[in-house]
There are 2 protein chains.
Amino acid sequence: MSDDTRQKVIDSARQLGYRVNFLARSLQSRSSGLVGIVASRLDTPYRATQVRAAAREFLANGFTPILVTAEGGEDQSGLVERLLNYSVSGMMITSGTPSNSIIDECAQLNVPVVLINRNVALEGADHVLIDVDAAGQLAFDMLVERGGQRFAVLQPRDRTYSVLGRASAFSDRCRAAGYCVDVLEVDSQDYDAGLAAADGFVQQSMADSVFCTTDLLALGFLDGLRVRHGVSVPYQVQVLGFDDIPQAAWLSNSLSTIWQASEDAATEAVNLILERITDPTRPHETFHIPLRPVHRGTTRKARP
Amino acid sequence: MSDDTRQKVIDSARQLGYRVNFLARSLQSRSSGLVGIVASRLDTPYRATQVRAAAREFLANGFTPILVTAEGGEDQSGLVERLLNYSVSGMMITSGTPSNSIIDECAQLNVPVVLINRNVALEGADHVLIDVDAAGQLAFDMLVERGGQRFAVLQPRDRTYSVLGRASAFSDRCRAAGYCVDVLEVDSQDYDAGLAAADGFVQQSMADSVFCTTDLLALGFLDGLRVRHGVSVPYQVQVLGFDDIPQAAWLSNSLSTIWQASEDAATEAVNLILERITDPTRPHETFHIPLRPVHRGTTRKARP
DNA sequence: TTGAAAGCGCTAACAA
DNA sequence: TTGTTAGCGCTTTCAA
């Protein structure tokens with residue numbers, strides 16, 4: 001095509017306000033460039049970071065993310081259906097408990113699905129998750145290394161794979177090493193649940209080291225101990241969180257916790273989708289999110 | 001159509017795994033059902049709440065939200081362009097400073113745009129924003145009512161309309177009432193900026209009442225005062241935030257602040273879009289987000 | 001009640 | 001290099 005014509009076309013296009021219609025394009029090209037992000041509780045710092053990183057990665061790779069949020073009551077499968085109606089090129093599920101049937105449906109339609117911290121039993125999808133056993137082990141090591149002798153763990157009642165998993169891995173590890181561990185059930189994974197748990201804890205538990213399965217839970221628990229009950233942290237009780245949300249590092253909290261590489265997780269999730277788009281037959285993979293201990297002010301000083 | 005045939009069609013559809021293609025449908029119906037959410041800093045609690053509420057509202061009204069995130073460096077207009085390529089039925093911009101030309105383009109294409117807390121000078125869009133004058137006035141009233149006599153305000157250097165607006169409205173109000181007000185410039189609107197500001201504050205300012213233009217800023221400032229400098233809040237210095245994010249209510253912070261009805265704002269934004277879809281010619285509206293004073297532990301006790 | 005056909009905006013293939 | 005055509009999956013219209 002001659003440069004001359006090219007320019008003429010471009011000019012008139014601009015003049016007419018021409019704009020490519022991706023929707024029409026996708027009809028022919030069989031690829032919409034849309035991807036789905038299924039998330040809930042976007043208002044928790046951890047989830048917000050995760051979704052932000054995922055959206056960024058998708059956009060950077062030329063995909064356009066649709067955000068569907070499933071808060072408690074709503075129908076998760078309905079949302080996935082909706083995504084399929086929009087012919088998404090892939091989706092990332094980071095909330096809820098997707099049913100096997102819905103994953104199968106995606107597989108049949110050749111829509112790559114990456115599950116973040118969802119039940120590993122689900123075949124037909126790639127997984128990005130923390131190694132719950134390693135997490136439980138690390139939590140135990142961090143607390144025992146700082147002088148913990150009696151342990152407790154806050155275990156959310158809702159059956160989220162990763163949260164529940166690390167709680168029980170922690171308990172198992174304690175018991176295996178011959179220590180006592182109190183399991184305190186809590187209603188949810190947020191600040192208020194942690195706060196409430198502190199009330200029960202001071203009455204019932206003799207533990208000197210508490211593993212809270214999320215930072216939000218830990219921060220509520222910490223406030224309950226310190227503000228409501230005058231417990232000295234970390235001298236009377238050590239508190240350990242999980243996630244390393246920004247608030248954990250705030251001076252007034254200085255929460256010791258376990259950092260997880262959420263950014264890496266997002267990048268990896270996007271990569272897994274991209275790779276499966278190019279080769280839908282490749283075997284399913286599981287990526288373990290790196291963890292790192294972060295000792296701050298709610299665990300005791302390391303002994304020399 | 002006979003019930004018999006209907007059932008037969010539905011059955012075979014199911015068997016074949018038939019699924020409506022919304023993209024193809026939109027080609028004909030001239031409406032994609034997609035809407036855009038342009039946001040940045042999704043990892044701040046305030047923005048996360050806002051985006052979550054917006055997504056929920058869109059979904060509840062049968063729209064499917066595309067989330068595009070523009071962090072600092074990136075090209076905001078590129079993202080809007082992309083949304084237009086996907087023939088969104090409307091969009092909500094809650095970050096960045098959309099240029100006039102881009103808004104005009106949307107208007108020309110008949111794509112409703114709602115700006116949340118963006119510069120009011122932009123015509124051709126509906127607005128949802130806080131009344132900055134009322135906000136400044138309220139902040140002043142709250143502090144003066146609790147015995148404030150010398151004031152300071154943390155004013156972010158970046159020129160966000162609503163944040164900057166309430167800072168200067170506050171200063172104006174102080175001066176108009178014959179009080180001194182120190183204006184402390186800060187680099188951003190987050191925790192770290194607030195923390196850093198506390199260092200400068202204790203050296204330079206004699207103020208007894210500080211208005212921080214966001215809660216995040218306030219919480220950093222508070223930690224700086226209390227933890228780093230041993231300042232007694234609220235007795236030596238009162239601190240007032242803005243937004244009422246969940247962390248403000250945490251026991252260890254107990255931050256006095258100004259609550260804004262973010263949920264209402266989201267609902268209203270979606271409504272404005274819906275209404276403009278049905279009647280594109282209606283005059284542009286501005287909805288003011290309701291505010292409410294929330295006294296907690298960082299302002300002094302009310303005098304009887 | 002059912003069937004057939006046109007066309008939405010685009011891409012891909014082929015012909016000129 | 002340029003022009004033409006068919007067809008992506010759907011809705012709408014008109015005909016049977």
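Note that the structure is a prediction, hence the values are computed from the model and not measured. Labels below follow one simple rule: chain letters A, B, ... track the order of the sequence lines, proteins then strands, and each chain is numbered from 1.
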Next item on the list: Kindly compute the distance separating OG1 (B:T69) from CD1 (B:I37), expressed to the nearest 0.5 Å.
Entry: 11.5 Å
Next item on the list: Might you work through the side-chain hydrogen bond (donor to acceptor under 3.5 Å, both in side chains) test for B:S99 and B:S101, ending with a clear yes or no?
Entry: CA-CA 5 Å; B:S99 67; B:S101 66; 3.1 Å; yes
Margin query: If you apply the rule salt bridge (Lys or Arg N to Asp or Glu O under 4.0 Å), what do you find for A:E71 with B:R52, and how did you get there?
Written below: CA-CA 10 Å; A:E71 308 303 335; B:R52 176 190 185 218; 3.2 Å; yes
Next item on the list: Kindly say whether B:Y161 contributes a backbone atom to a donor-acceptor pair with the side chain of B:N119 at under 3.5 angstrom?
Entry: no
Give me the distances for all protein-to-nucleotides 9-13 of chain C N/O pairs that come in under 3.5 Å?
from   : atom 1 : to    : atom 2 : distance (Å)
C:dG9  : OP1    : B:R30 : NH1    : 2.9
C:dG9  : OP1    : B:R30 : NH2    : 3.0
C:dG9  : N2     : A:A24 : O      : 3.3
C:dC10 : OP1    : A:Y18 : OH     : 2.8
C:dC10 : OP1    : A:R19 : O      : 3.3
C:dC10 : OP1    : A:N21 : N      : 2.9
C:dC10 : OP2    : A:Y18 : OH     : 3.3
C:dT11 : OP1    : A:R25 : NE     : 2.5
C:dT11 : OP1    : A:R25 : NH2    : 3.1
C:dT11 : O2     : A:Q28 : NE2    : 2.7

Next item on the list: Would you tell me whether B:N271 and B:E275 have side-chain atoms, one donor and one acceptor, within less than 3.5 Å of each other?
Entry: no
Next item on the list: Examine the side chains of A:R47 and A:S95 and answer whether a donor and an acceptor come within less than 3.5 Å of each other.
Entry: yes
Note to self: Within the 3.5 Å criterion, strictly below it, is a donor on B:Q108 or B:D104 matched to an acceptor on the partner's side chain?
What the structure shows: no
Next item on the list: Rounded off to whole Å, could you give me the CZ-to-P distance for the A:R6 and D:dT2 pair?
Entry: 10 Å
Atom pairs under 3.5 Å: protein N/O with N/O of nucleotides 14-16 of chain D:
none

Note to self: Applying a 4.0 Å non-hydrogen cut-off, can you work out what B:S26 is touching in the nucleic acid: base, sugar-phosphate, or nothing?
What the structure shows: nothing
Next item on the list: Please report how far the helix from C:dT1-D:dA16 to C:dA16-D:dT1 bends, comparing the axis fitted to its first five pairs with the axis fitted to its last five, to the nearest 10 degrees.
Entry: 50°
Margin query: Just so I know, are the side chains of B:Q247 and A:Q247 near enough to count as touching, which here means a heavy-atom distance under 4.5 Å?
Written below: yes
Margin query: If I take atom CG in residue B:L23 and atom C1' in nucleotide D:dG7, what distance separates them, rounded to the nearest angstrom?
Written below: 16 Å
Note to self: For the backbone of B:N21 and the side chain of A:N85, can you confirm whether one donor and one acceptor N or O come within less than 3.5 Å of each other?
What the structure shows: no
Checklist line | Under-4.0 Å side-chain N/O to phosphate OP1/OP2 contact, B:T5 with C:dT2 | finding: yes
Item checked: Stepwise side-chain contact (heavy atoms from CB on, under 4.5 Å) test for A:T64 and A:V35 -> CA-CA 6 Å; A:T64 302; A:V35 287; over 6 Å; no
